[in-house]
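Note that the coordinates shown come from a computational prediction; the quantities given were computed from them, not determined experimentally. Order of listing sets the numbers, starting from 1, for every ligand and every atom in it.
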Amino acid sequence: MAFINYASREINCKLVYYGPGLGGKTTNLQHIYEKTNPESRGKLISLATETERTLFFDFLPLELGTIRGFRTRFHLYTVPGQVFYDASRKLILKGCDGVAFVSDSQAARMEANIESLKNLEDNLTANGFNLKEMPYVLQLNKRDMPTAVPVEEMTKALRYKDEEVFEAVAIGGKGVFETLKGLARLVLQDLKKAK
Ligand SMILES: Nc1nc2c(ncn2[C@@H]2O[C@H](COP(=O)(O)OP(=O)(O)OP(=O)(O)O)[C@@H](O)[C@H]2O)c(=O)[nH]1
Ligand SMILES: [Mg+2]
């Protein structure tokens with residue numbers, strides 16, 4: 001649940017980037033960090049292994065202006081995609097307000113995408129959430145790869161509900177801010193509904 005502090009007039013929302021290992025979640029956050037005005041962002045904190053795989057999570061606080069007099073902060077997290085870090089993924093989903101699923105377009109990763117999506121659904125349920133009701137967007141990353149599965153085919157296999165689908169090449173930044181904005185918009189809409 002978004003944390004609204006009426007005394008200090010702040011809204012804090014938690015967005016989680018989820019998806020299979022090596023899909024590009026950390027790369028999304030790195031691009032956002034690099035392209036954001038230093039006054040609007042905090043430190044990018046990454047807890048990674050020596051080979052740059054996310055070990056626990058990445059964290060990036062972003063301040064995206066004022067909504068009706070409330071300073072709005074988005075706390076961006078990534079989960080570790082590797083299958084055996086499931087306990088960490090479950091923990092990171094606690095209190096989340098929205099999820100961006102970063103899928104890997106390479107044909108060889110389709111099974112991993114599907115498995116990770118199922119894992120997201122299960123872990124949300126374990127936290128008392130329902131993916132059907134959660135603000136949610138789907139990113140098709142690594143569109144530059146030669147074995148990229150056609151967009152229609154990927155969408156058919158991975159689309160969970162009527163979520164927006166964003167094509168991306170996170171290493172060059174393509175589609176990264178579109179994904180973030182798409183998700184942020186849904187989270188803010190959800191906040192308005194809850195009031
Ligand atoms: N070709 C290509 N490579 C990408 C793209 N996005 C990310 N990569 C590369 O894919 C690798 C994995 O990216 P990460 O961002 O670390 O992936 P991750 O999803 O955070 O992986 P875990 O932390 O293990 O879950 C890195 O070498 C990135 O440079 C892309 O759009 N195209
Ligand atoms: Mg990572």
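- For the atom pair F166 CZ and K174 NZ, the distance stands at 11.5 Å (nearest 0.5 Å).
- Counting only heavy atoms of the protein, atom 29 (O) of ligand 1 lies nearest to I171 CG2, 3.4 Å.
- Taking 4.0 Å as the cut-off, G23 counts as a neighbour of ligand 1 on heavy-atom distance.
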R143 vs S105, side-chain hydrogen bond (donor to acceptor under 3.5 Å, both in side chains): CA-CA, chis, key distance, verdict
CA-CA 6 Å; R143 294 310 304 162; S105 294; 2.9 Å; yes
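- Salt-bridge check for R73 with E10: passed, with a basic side-chain N closer than 4.0 Å to an acidic carboxylate O.
- Between G21 and ligand 1, no N or O atom pair is found at a separation short of 3.5 Å.
- Not one N, O or S atom of S46 sits under 2.8 Å from the Mg ion (ligand 2).
- Atoms of ligand 1 lying under 4.0 Å from at least one heavy atom of N141, given by number and element, are 5 (C), 6 (N), 31 (O).
- Here F70 and Y6 bring their ring centres to under 6.0 angstrom of each other.
- Considering backbone and side-chain N/O atoms, A168 never comes within less than 3.5 Å of an N/O atom of ligand 1.
- With respect to atom 21 (O) of ligand 1, the closest heavy atom belonging to the protein is L22 N, 2.9 Å.
- Regarding atom 16 (O) of ligand 1, its nearest protein heavy-atom neighbour is T26 CB, 4.0 Å.
- A ring pair (Phe, Tyr, Trp, His ring centres under 6.0 Å) with F57 holds for exactly one of Y17, Y77, Y85; it is Y77.
- Side-chain atoms of Y160 and L131, non-hydrogen and from C-beta on, do get closer than 4.5 Å to each other.
- Residue-to-ligand polar distances place G81 within reach of ligand 1: an N/O pair is separated by less than 3.5 Å.
- In summary, of the residues considered (D104, T179, V169, V151), a side chain to side chain contact (heavy atoms under 4.5 Å, CB included) with L140 occurs for V151 alone.
- The presence of a protein heavy atom under 4.0 Å from atom 26 (C) of ligand 1 is ruled out.
- For the pair OG1 of T54 and OG1 of T26, the angle at the Mg ion (ligand 2) is about 90°; rounding is to 10 degrees.
- Considering OG1 of T78 and CG of L29, their distance stands at 6.0 Å, rounded to 0.5 Å.
- Summary of contacts: the protein heavy atom closest to atom 17 (O) of ligand 1 is G24 N, 3.1 Å.
- Ranking the protein heavy atoms by distance from atom 19 (O) of ligand 1 puts K25 NZ, 2.7 Å first.
- Checking only distances, E52 never comes within under 3.5 Å of ligand 1, N or O to N or O.
- Within ligand 1, counting atoms from 1 as listed, the ones closer than 4.0 Å to a heavy atom of M145 are 1 (N).
- Two residues are said to be in side-chain contact when any heavy atoms from C-beta on lie closer than 4.5 Å; F74 and N12 fail this criterion.
- Polar contact with ligand 1: present for R53 (N/O pair, distance under 3.5 Å).
- Comment: R109 does not engage E115 in a salt bridge, judged by the lack of any side-chain N to carboxylate O separation of less than 4.0 angstrom.
- Heavy atoms of T78 stay at 4.0 angstrom or farther from ligand 1.
- Annotation for ligand 1: atoms under 4.0 Å from non-hydrogen atoms of A170 are 6 (N), 30 (C), 31 (O).
- A cation-pi arrangement is not found for K25 relative to Y18, the charged atom failing to lie both closer than 6.0 Å to the ring centre and inside a 45° cone about the ring normal.
- Protein heavy atom nearest atom 13 (O) of ligand 1, with residue, atom name and distance: T27 OG1, 3.4 Å.
- I11 is not listed as a side-chain neighbour of R71, based on a closest heavy-atom distance of 4.5 Å or more.
- T78 lies apart from the Mg ion (ligand 2) in this respect, since none of its N, O or S atoms is found at a distance under 2.8 Å.
- Neither side chain, N141 nor E167, offers a donor N or O lying under 3.5 Å from an acceptor on the other.
- Counting heavy atoms closer than 4.0 Å to ligand 1, residue D144 contributes side-chain atoms (C-beta onward) but none from N, CA, C or O.
- Looking only at heavy atoms of the protein, atom 23 (O) of ligand 1 is closest to T54 OG1, 2.8 Å.
- Using a 4.0 Å cut-off between heavy atoms, P80 contacts ligand 1 through its backbone alone, with no side-chain atom that close.
- The protein non-hydrogen atom at the shortest distance from atom 10 (O) of ligand 1 is K142 NZ, 3.2 Å.
- Using modelled atom types, one finds a donor on one side chain and an acceptor on the other under 3.5 Å when comparing D86 with N123.
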